[in-house]
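The structure under discussion appears below in the form of structure tokens.
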2 protein chains.
Amino acid sequence: MPRRPASATGSPGIPEATIARLPVYLRALYALADRSIATVSSDELAAAAGVNSAKLRKDLSHLGSYGTRGVGYDVEYLVYQVSRELGLTQDWPVVIVGAGNLGRALANYGGFASRGFRIAALLDCDPAVVGTEIAQHTVRSAAEIEDAVSSHGVSIGVIATPAASAQHVCDRLVAAGVTSILNFAPVVLNVPSGVDVRKVDLSIELQILAFHAQRRTVVASSSEQSWQARRARRKTIGEFADSGGADGLDADTGVEAQAVGT
Amino acid sequence: MPRRPASATGSPGIPEATIARLPVYLRALYALADRSIATVSSDELAAAAGVNSAKLRKDLSHLGSYGTRGVGYDVEYLVYQVSRELGLTQDWPVVIVGAGNLGRALANYGGFASRGFRIAALLDCDPAVVGTEIAQHTVRSAAEIEDAVSSHGVSIGVIATPAASAQHVCDRLVAAGVTSILNFAPVVLNVPSGVDVRKVDLSIELQILAFHAQRRTVVASSSEQSWQARRARRKTIGEFADSGGADGLDADTGVEAQAVGT
DNA sequence: ACGACTTTGTGCAAACGTTCACAAGGGCGT
DNA sequence: ACGCCCTTGTGAACGTTTGCACAAAGTCGT
């Protein structure tokens with residue numbers, strides 16, 4: 001991840017953590033606008049977005065002073081400002097590579113179009129799928145990646161292929177001029193610097209949940225108390241170095257080696 | 001998202017950021033094992049996982065001292081240790097609510113089964129879908145959520161429904177005993193404390209990419225005088241040029257077309 | 001017009017995360 | 001057995017993010 005010099009560019013350098021939350025605020029704001037709510041306080045908006053109100057105010061303060069003290073924020077005005085900051089006042093043509101279940105889900109996802117993302121092309125390499133129609137888009141052959149990218153001036157590519165082809169597809173997208181990639185394939189992509197990659201991994205999220213779920217059962221079996229005691233304890237309680245680290249286990253070789261696919 | 005009390009449980013308190021990377025390391029380790037590589041250095045593993053090697057070593061050091069100085073890490077042993085830490089040495093039954101494109105993609109996703117996640121039930125409320133077979137699972141009616149959860153001792157639920165039904169489904173899952181939820185619907189879920197929610201939002205990731213892409217072009221054009229001239233406009237929000245003919249134009253349409261039990 | 005009340009915007013300190021740099025420790029050749 | 005070389009594990013410095021608490025700045029009622 002190439003660090004961006006932030007203030008060296010003339011832009012005030014909005015923290016990455018803030019950027020990641022702006023879309024959440026934006027969605028909450030749209031929901032408010034739908035209900036014809038004209039103004040909103042930081043407390044209300046924070047609650048709708050599921051964050052702390054101080055955090056929300058600090059986040060918004062990075063964009064400028066768009067609130068009115070004693071009143072709150074004008075919903076429509078803030079929608080515009082956040083959209084502009086995120087670059088959503090322009091249309092972003094996007095190519096999606098891979099028209100399996102995931103690619104189809106993406107193509108049908110209303111949240112894209114409503115934020116200015118327009119599907120410029122939907123590609124797949126399976127001849128059985130090429131030519132079929134998905135969400136008003138005719139699936140084109142993956143051989144046309146370069147053409148689709150350059151003819152529409154696409155700068156964002158979505159990879160929804162199996163893991164095995166992801167890097168190859170990525171290379172071609174980058175060569176064709178794509179500089180932002182959203183990767184759903186469970187692999188780490190190698191890209192030249194200057195290309196931005198974000199990863200969405202369905203199974204990683206489950207594994208993180210499993211970790212916490214496991215911990216919960218361990219805790220529950222040792223001390224029966226609901227976990228409300230939020231602020232109770234402080235730092236680590238000594239060194240439990242390794243709770244169950246019996247060395248004797250000869251790493252059971254049942255390592256299921258299975259190619260992960262989408 | 002609520003802060004996780006990490007060290008409040010009496011366990012060694014592995015940082016959240018580390019937990020989020022363990023699944024990535026695990027995948028890289030599996031790939032190495034597939035190639036019959038017995039040991040790996042922190043440099044190599046870090047490269048495969050796409051992180052800095054110092055970070056990898058520090059992450060692994062939270063689990064214990066499982067490396068050998070001068071040599072590296074034994075791949076199989078480390079696979080076992082990481083799996084155990086993540087709670088993947090046991091099976092996790094999972095219910096998936098919503099059998100649209102996304103639910104189907106999830107059901108067919110090989111990465112779940114290979115990490116110990118077993119689909120206990122796949123539910124939907126659309127009568128046209130109930131009864132059909134998806135990835136060797138017969139889709140059951142959404143009315144049976146409670147039964148599916150309690151009869152299999154499920155503690156992890158996946159919500160792949162449209163936004164409108166997500167909170168309702170969530171409530172029912174929680175009431176039935178689910179304590180970990182993976183949410184794909186673009187809404188902020190309200191859950192009682194003690195329930196762990198993780199969110200995967202397809203459009204948020206794109207918006208973050210758009211921000212960086214925009215910044216890149218702004219920097220390239222080099223003559224943007226920031227946003228001092230902010231007060232002028234008051235654009236309306238209604239019309240976000242949406243040329244594509246996608247169905248849902250409402251700010252927050254669901255992930256898919258079908259509705260799930262309300 | 002003015003004071004009471006409300007809410008924003010922000011300085012500050014603590015918590016958290018990352019990176020550097022190097023000592024500790026183990027294998028391997030001789 | 002010894003010393004060299006390699007890699008781990010970690011203390012310490014640095015940067016980022018969070019949350020508190022409050023002054024600044026506006027509105028509203030009288």
Side-chain angles (χ1 to χ4, degrees), chain A residues 1-8 12-22 24-25 37-47 49-75 77-78 81-82 230-236 239 241-242 245 247, chain B residues 1-8 12-22 24-25 37-47 49-75 77-78 81-82 230-231:
Chain A
M1 232 185 333
R3 181 119 235 86
R4 195 152 286 286
S7 56
I14 300 177
E16 195 60 32
T18 293
I19 296 300
R21 283 186 295 265
L22 288 182
V24 179
Y25 302 155
I37 295 173
T39 65
V40 66
S41 72
S42 64
D43 267 325
E44 296 163 337
L45 184 53
V51 302
N52 175 308
S53 77
K55 192 187 291 187
L56 178 124
R57 286 199 300 277
K58 182 149 289 186
D59 282 344
L60 293 184
S61 77
H62 285 113
L63 315 191
S65 284
Y66 298 139
T68 306
R69 294 171 195 240
V71 176
Y73 301 90
D74 181 282
V75 174
Y77 186 53
L78 196 53
Q81 291 298 345
V82 174
R230 199 89 158 250
R231 75 203 78 210
R233 309 293 223 350
R234 285 292 287 205
K235 221 17 204 150
T236 59
E239 252 285 274
D242 174 21
D247 293 331
Chain B
M1 214 169 298
R3 184 127 292 284
R4 180 145 304 289
S7 59
I14 299 177
E16 194 59 32
T18 294
I19 297 300
R21 283 187 293 264
L22 288 182
V24 180
Y25 303 156
I37 294 172
T39 66
V40 66
S41 73
S42 65
D43 267 326
E44 295 163 337
L45 185 53
V51 301
N52 175 305
S53 76
K55 192 187 289 187
L56 179 124
R57 285 200 301 275
K58 181 146 287 188
D59 283 343
L60 293 184
S61 77
H62 285 114
L63 314 191
S65 283
Y66 297 139
T68 306
R69 294 172 195 238
V71 175
Y73 300 90
D74 181 281
V75 173
Y77 186 52
L78 197 53
Q81 291 298 345
V82 174
R230 73 198 199 210
R231 195 40 88 172

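All heavy atoms count here, side chains included; hydrogens, waters and symmetry mates do not. Proteins get letters first, then strands, A, B, ... in listed order; numbering begins at 1 in each. What you see is a predicted model, and the numbers here were worked out from it, not measured in a lab.
Direction of the helix axis in the helix from C:dA1-D:dT30 to C:dT30-D:dA1 shifts by 10° between the two five-pair termini, rounded to 10°.
Between the side chain of A:K58 and the base of D:dT17, no donor-acceptor pair of N or O atoms lies under 3.5 Å. Contact annotation: side chain of B:K55 to base of C:dG17, donor-acceptor pair absent below 3.5 Å.
When rounded to the nearest whole Å, the span between CD of B:Q81 and P of D:dG9 equals 12 Å. Atom CG of B:D74 and atom P of D:dT8 are 13 Å apart (whole Å). Put simply, CD on B:E16 is 8 Å from P on C:dG17, counting in whole angstrom units. If you measure from atom CG of A:L45 to atom P of C:dG9, you get 12 Å, rounded to the nearest angstrom. The OH atom of A:Y66 sits 12 Å away from the P atom of C:dT10 (whole-angstrom rounding). Between the C1' atom of D:dT18 and the CG atom of A:D59 lies a distance of 10 Å, rounded to the nearest Å. When rounded to the nearest whole Å, the span between CD1 of B:I14 and C1' of D:dG9 equals 16 Å. Here the C1' atom of nucleotide C:dG11 and the NE2 atom of A:H62 are 13 Å apart, to the nearest Å.
Contact check for B:L45 versus B:L78: side-chain heavy atoms found under the 4.5 Å cut-off. Between B:Y25 and B:L56 the shortest side-chain heavy-atom distance falls below 4.5 Å. When side chains are defined from C-beta on, A:L22 counts as touching A:L63, because their heavy atoms get closer than 4.5 Å.
Ranked by how close their nearest DNA chain D nucleotide is to the 5' end, A:A17 and B:S65 are led by B:S65.
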In B/S/- notation (B base, S sugar-phosphate only, - none; protein heavy atoms under 4.0 Å), nucleotides 21-30 of chain C written 5' to 3' is B--BBSS---

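Remark: B:D43 pairs with B:S53 by the side chain to side chain donor-acceptor pair (under 3.5 Å) rule, at least two apart or across chains. By the side-chain contact (heavy atoms from CB on, under 4.5 Å) test, A:A54 pairs with A:N52, A:R57, sequence neighbours left out.
Minimum interatomic distance between A:I19 and A:I14 (heavy atoms only, all atoms of both residues): CD1-CG2, 3.6 Å. Among all heavy-atom pairs drawn from B:H62 and B:K58, the shortest one is ND1-O, 3.0 Å.
Residue B:S42 has a polar side-chain atom (N or O) positioned under 4.0 Å from OP1 or OP2 of D:dT8. The phosphate of D:dG9 (OP1 or OP2) has a side-chain N or O of B:Y73 nearer than 4.0 angstrom.
Distance OG1/A:T68 to OH/A:Y73: 9.5 Å, rounded to 0.5 Å.
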